[in-house]
S.K.: 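Take a look at the following structure, please.
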Amino acid sequence: MRSAGVLGIYWTADRADNASFVPAARHLAAAGVQVPAVLAAEDLGAGCGACLVTDLGDRDLLSLKNAPWEERRAAYALAFEALLPLHRLKPDWPLQPAFDADLYRWEQEYFARHLVGRHFGGDTDALLACPALRELADWLEALPRGPVHRDCQSQNIMLCDGKAWLIDFQGMRLGRWEYDLASLIYDPYMDFSEPERAELLQLWQQAGGPQPDPAVLTACAQQRIMQALGAFANIAYHQGKDWYLSVIPAGLNALRRVCRSAPSGSPAARVAACLLPLLGA
């Protein structure tokens, strides 16, 4: 509930990362990352809790979906400026379990079970038997890791007082920063064109972000889009929220584009060879 610029949050033990919100918010704010301030918090026991945070309003990146490109472009420049300090941290507080091969495989299985199996009626086991998927997971696990938001999409970046603010960061963990970048520029909710995406990559570097390795960015994008598509189908069919079915086509288009751009000989290219026939490309 909102009152005089304050937002009340209550959580249960339904998700393992819920209780991480308050400590993450406090540490991020102390480090200068733009997140809502925790004004008060209480542990209610049994994994439940409640807190009061500053209310950042209702304007997020997604609200600009149909705005002129220049307005969207400027908002994403602010978003990159808000995200980069998080990536530069050396967290000294407990995070969620790091991205490893098992988590990457979980994302792949989530996609296969809910999107391929439930939504398309396809052969889940046949897809998961593709050796390239396991190779991709193992390859990504072996790369150096740093802190990532984990769900850095357009609904989780608020625009308030001329700045961008990160929310829903309770799933923060160690991983590849390219995963967060891919979450933004390949966000199915926004459905960017290729020229727009190219401009966003330029903005990322202008904001001080590192130049992405195409092989790593493509691999992270494949993982992120598969996870998002699995979530859309799962939420639609198991939570009765049919709206999520409407964004599946944009997610599929994004996954096709990513697969087609995979550098030759890379793990992502071998995954693309498995996915593109399935995606009708």
S.K.: Any side-chain to backbone donor/acceptor pair from Q223 onto Y179? Under 3.5 Å, distance only.
M.R.: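 No; judged by distance alone, with no hydrogens or angles, the pair does not exist.
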
S.K.: Would you say the side-chain atoms of Q170 pair up with the backbone N or O of S20, donor to acceptor, closer than 3.5 Å?
M.R.: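 Checking the backbone N and O of S20 against the side chain of Q170, no donor-acceptor pair under 3.5 Å is found.
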
S.K.: Quick one: pull up CD1 in I9 and CG in N18 and give me the separation to the nearest 0.5 Å.
M.R.: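 Answer for the CD1-CG pair, I9 versus N18, is 10.5 Å.
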
S.K.: Give the intermediate values and the outcome of side-chain contact (heavy atoms from CB on, under 4.5 Å) for residues Y76 and M190.
M.R.: CA-CA 12 Å; Y76 273 81; M190 299 300 285; 3.3 Å; yes

S.K.: V22 vs W11, test: side-chain contact (heavy atoms from CB on, under 4.5 Å). Steps then yes/no.
M.R.: CA-CA 11 Å; V22 168; W11 64 88; 3.6 Å; yes

S.K.: Rounded to the nearest 0.5 Å, how far does CZ of F111 lie from CG of N234?
M.R.: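 Interatomic distance, N234 CG to F111 CZ, rounded to 0.5 Å: 14.0 Å.
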
S.K.: Which of parallel (below 30°), tilted (30 to 60°) and perpendicular (above 60°) describes H114 and H238?
M.R.: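 Rings of H114 and H238: perpendicular, as their planes differ by over 60°.
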
S.K.: One pair to check against side-chain contact (heavy atoms from CB on, under 4.5 Å): V53 and V38. What are the steps and the verdict?
M.R.: CA-CA 4 Å; V53 301; V38 176; 4.2 Å; yes

S.K.: Is a side-chain donor or acceptor of Q222 paired with a backbone partner of A268 at a separation under 3.5 angstrom?
M.R.: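 Such a contact is found between Q222 side chain and A268 backbone.
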
S.K.: Could you tell me whether the side chain of Q153 and the main chain of Q155 form a donor-acceptor pair under 3.5 Å?
M.R.: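 Looks like yes, one N/O pair under 3.5 Å.
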
S.K.: With rounding to the nearest 0.5 Å, note down the distance linking CZ in R150 to CG in L103.
M.R.: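 Spacing of CZ (R150) from CG (L103) equals 5.5 Å.
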
S.K.: Sub-3.5 Å donor-acceptor pair from the side chain of W165 to the main-chain atoms of L56, do we have one?
M.R.: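 No: the side chain of W165 does not pair with the backbone of L56.
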
S.K.: Apply the test salt bridge (Lys or Arg N to Asp or Glu O under 4.0 Å) to residues R105 and D100: give CA-CA distance (whole Å), side-chain angles for both, the deciding distance (0.1 Å), then the verdict.
M.R.: CA-CA 9 Å; R105 283 294 285 173; D100 59 11; over 6 Å; no

S.K.: Let me confirm one number: the NZ-OG distance from K241 to S246, rounded to the nearest 0.5 Å.
M.R.: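 Here the rounded value is 13.5 Å.
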
S.K.: For atom CZ of R134, decide whether the heavy atoms of other residues, nucleotides or ligands shown that lie under 6.0 angstrom number more than 12.
M.R.: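 Check fails, neighbour count at 12 or below.
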
S.K.: Hey, does the side chain of T124 reach the backbone of A112 with a donor-acceptor pair shorter than 3.5 angstrom?
M.R.: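 Present.
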
S.K.: With H27, which of W93, F169, F21 fulfils ring-ring contact (aromatic ring centres under 6.0 Å, His included)?
M.R.: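 Option passing the ring-ring contact (aromatic ring centres under 6.0 Å, His included) with H27: W93.
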
S.K.: If Ile, Leu, Val, Met, Phe, Trp and Tyr residues are connected whenever their side-chain heavy atoms lie under 4.5 Å apart, and connections chain through other members, are M158 and L84 in the same group?
M.R.: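 Looking at the clustering, L84 is in a separate group from M158.
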
S.K.: Stepwise, does the side chain to side chain donor-acceptor pair (under 3.5 Å) test hold for E199 with W69?
M.R.: CA-CA 10 Å; E199 282 198 57; W69 169 241; 3.2 Å; yes

S.K.: Salt bridge (charged side-chain N to carboxylate O under 4.0 Å, His left out): which pairs involve residues 154-182, sequence neighbours left out?
M.R.: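 Sorted pair list: R176-E178.
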
S.K.: Measure the CD-OH distance between Q227 and Y110 for me, rounded to the nearest 0.5 Å.
M.R.: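 Between Q227 CD and Y110 OH, I get 6.5 Å after rounding to 0.5 Å.
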
S.K.: Look up atom CG in D123 and atom CG in L127, then write down how far apart they are to the nearest 0.5 Å.
M.R.: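 The distance works out to 8.5 Å.
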
S.K.: Looking at D187 and R197, does any basic side-chain N land under 4.0 Å from a carboxylate oxygen?
M.R.: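 Salt bridge between D187 and R197, a charged N being under 4.0 Å from a carboxylate O: no.
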
S.K.: Take a 6.0 Å sphere around CZ of R88 and say whether it holds more than 12 heavy atoms from other residues, nucleotides or ligands.
M.R.: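 For R88, atom CZ is crowded (more than 12 foreign heavy atoms under 6.0 Å).
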
S.K.: For a side-chain contact (heavy atoms from CB on, under 4.5 Å) check, start with the C-alpha distance between L200 and L181, then their side-chain angles and the critical distance, and finish with the verdict.
M.R.: CA-CA 10 Å; L200 291 178; L181 178 59; over 6 Å; no

S.K.: Identify every side-chain donor-acceptor pair in residues 202-217 under 3.5 Å, counting partners at least two apart or on other chains, and give the distances.
M.R.:
from: W204; atom 1: NE1; to: P210; atom 2: O; distance (Å): 2.9
from: D213; atom 1: OD1; to: A215; atom 2: N; distance (Å): 2.8

